[in-house]
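Scroll down for the structure; my scribbles are underneath it.
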There are 2 protein chains.
Amino acid sequence: MTEKILLAHGDGGKLTHDLVDSIFAKHFYSSDQVLPDAFVADNEEGRIAFTTDTFVVNPLFFKGGDIGKIAIAGTVNDLAVVGAIPKYISCGFIIEEGFSIADLEKIVVSMAKTANEAQVKIVTGDTKVVEKNKGDGVFINTSGIGFIPLQSQLSYRNIAVGDAVLINGNIGEHGMAIMSERSGLNFSSPVQSDCQALNLFIKKLMEHVPDVRFMRDPTRGGIATTLKEIAVDTRLNIIIDEESLPVSDELMGAADLLGLDPLYLANEGKVLVFVPEHQVELALEIMRSMPEGIGSTQIAKVEEGNGQVFLQTAFGGKKIIDLLAGAPLPRIC
Amino acid sequence: MTEKILLAHGDGGKLTHDLVDSIFAKHFYSSDQVLPDAFVADNEEGRIAFTTDTFVVNPLFFKGGDIGKIAIAGTVNDLAVVGAIPKYISCGFIIEEGFSIADLEKIVVSMAKTANEAQVKIVTGDTKVVEKNKGDGVFINTSGIGFIPLQSQLSYRNIAVGDAVLINGNIGEHGMAIMSERSGLNFSSPVQSDCQALNLFIKKLMEHVPDVRFMRDPTRGGIATTLKEIAVDTRLNIIIDEESLPVSDELMGAADLLGLDPLYLANEGKVLVFVPEHQVELALEIMRSMPEGIGSTQIAKVEEGNGQVFLQTAFGGKKIIDLLAGAPLPRIC
């Protein structure tokens, strides 16, 4: 392990995992536990879900969203994918001296709008200001509380051989929208971020498809990273069917130009849904009936194995998919 | 209102209030509500308290503590003063590229130690890294959940004419410890930060003195700012007795040298306790029986009025105490 923080420590890949394991989990947890994205507590008053996320996205405004929208949607989604109904959101701002108040207001308006649409309340907050060049515009932390219906039993432990992996539409769009802005490229059909709150979508899906095994939102590190994490946790293999991956032509073109792999690009409005094979058709029907899921499709299946992810290519080959190491895409969210 | 964020927007004084009112409260709340430091929700599963705070203290290490200790203690205290038993803490890190991993580990160890001592669990977290000169070492957000016993009824609405205001020891020590480090002054007896978790102290106080009306931790902006906020909320006057203020000789000397007023200096291990007059002796006895409260004393009383705070000086004069405007002490917590 290196002695200094590198940008890659924040990219959601191997170095991020090493940092969490060797520093945070080491001191906050006993050795057999991991730091969860969202915390679920059993207590006498019911099951509470609690999550936190800090947003340092650059640029602050991008096609399809802004840091405010992503700060609410991201935390709402972290709660929704563990089966919680998100309810209360906190926000902590770190603002750089000299930042435009008009821009701050645009961001706050976007947060309020996103929260309203997702039917969550922003209930507590904190503001700090740092000197010029000690921050970068604005950073936002949001934490959230949600409540998990007692009958909900989502867990990666439910995932079984033969299960299908569904997604609710095109992949990689948030990551590509950010990278396009940053590279200064003007594509004729620019890729828009998919940034959106998914809790109402997920709620309806859960109501109609009670056998959903597990869900996860493939944000930093993209589908590849999220599926690899799940494969490791379950000690099963996940086989992605390359031909089935929903990728827009615009994204494919931009990804080729920038040398980026859509499998590793962040999504901010997508959810990976694990369902038993016999409920695939039902789940896809429900998902496609909502605007957030028009492009829903199956992209992978679960097989016996030892925690590996493979990409079954269009040409019949099989490629190992692993965590990224040392290819930082910093500040994507 | 200015068009740009100034350092003073983060100092907890007038500009911070203006910013919160004109930007955050405006969009997150209906007009008659304010942004609370800790949120309390009545729901069918009991009363939950939820708070958030972001820490950007500079320097990261100071006499009596570090950013990790303050990040846990600060959020624990925000929950404790609303009568909650703090239980779950989240942490979100923004780390600057190039930051020393050894220092990060020291901070994390300090967080774990403080959490253990305060009997709270760090249950979820997030890590982001920003480029060199786009952050400053490390910033930490902590959010917290606590549970409020149903019989607890703390509220500023309980405060009545004749109530006493108690504090658990010397004032201004966190602010002075930070300012001394920053000014590079080496005092022969340096002031240590009072940074500490107060939840167990407050729990015992509440058990023995059930008539406690209200509590608040006088952090950013010091005792003056906190009492002014309470006076405005209650529309009563609060009269501080200057001679009764517990200020150490070391702090007084340093404050004179640096031109700082101890009333406005931040505390991170102090609580202002409002009690009816007939329970003052009992409350002080309980408070003084614990290490966090050895120096407990009465410093003010509540009178009829219209939301003003006065300092009754040693010479018989009466000075109006108001929110600070334009004297930024940024990044104190």
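To find a chain, count down the sequence lines: A is the first, B the second, and so on, and within it residues start at 1. Quick caveat: nothing in here was measured; it's all calculated off a predicted structure.
Judged by distance alone, with hydrogens and angles left aside, the side-chain atoms of A/Asn133 form no donor-acceptor pair with the main-chain N or O of B/Asn133 at under 3.5 Å.
Closest of all the heavy-atom pairs between B/Arg220 and A/Thr127 is NH1-O, 2.9 Å. Residues A/Thr52 and B/Cys91 come closest through the heavy atom pair CG2-O, 3.7 Å. The two residues B/Thr54 and A/Lys128 make their nearest non-hydrogen contact at O-NZ, 2.6 Å.
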> Does the salt bridge (Lys or Arg N to Asp or Glu O under 4.0 Å) test come out yes or no for A/Glu131 and B/Arg331, once each step is laid out?
Replying inline: CA-CA 9 Å; A/Glu131 302 89 340; B/Arg331 303 187 58 186; 2.6 Å; yes
>> Could you go through B/Ile48 and A/Phe50, starting from their C-alpha distance and side-chain angles, then the distance that decides it, and tell me whether this counts as side-chain contact (heavy atoms from CB on, under 4.5 Å)?
In response: CA-CA 12 Å; B/Ile48 295 168; A/Phe50 176 33; over 6 Å; no
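Ranking B/Ser143, B/Gly92, B/Ala102 against chain A, the residue ahead of the rest is B/Ser143, based on heavy-atom pairs under 4.5 Å.
For A/Ile89, the part lying under 4.5 angstrom from a heavy atom of chain B is the backbone only.
Just one of A/Asn141, A/Asp126, A/Thr124 meets the side-chain contact (heavy atoms from CB on, under 4.5 Å) condition when paired with B/Asp53; it is A/Asp126.
Note on ring orientation: taking the six-membered ring where Trp is involved, the planes of B/Phe139 and A/Phe139 are tilted (angle from 30° to 60°).
When side chains are defined from C-beta on, A/Asp136 does not count as touching B/Val130, because their heavy atoms never get closer than 4.5 Å.
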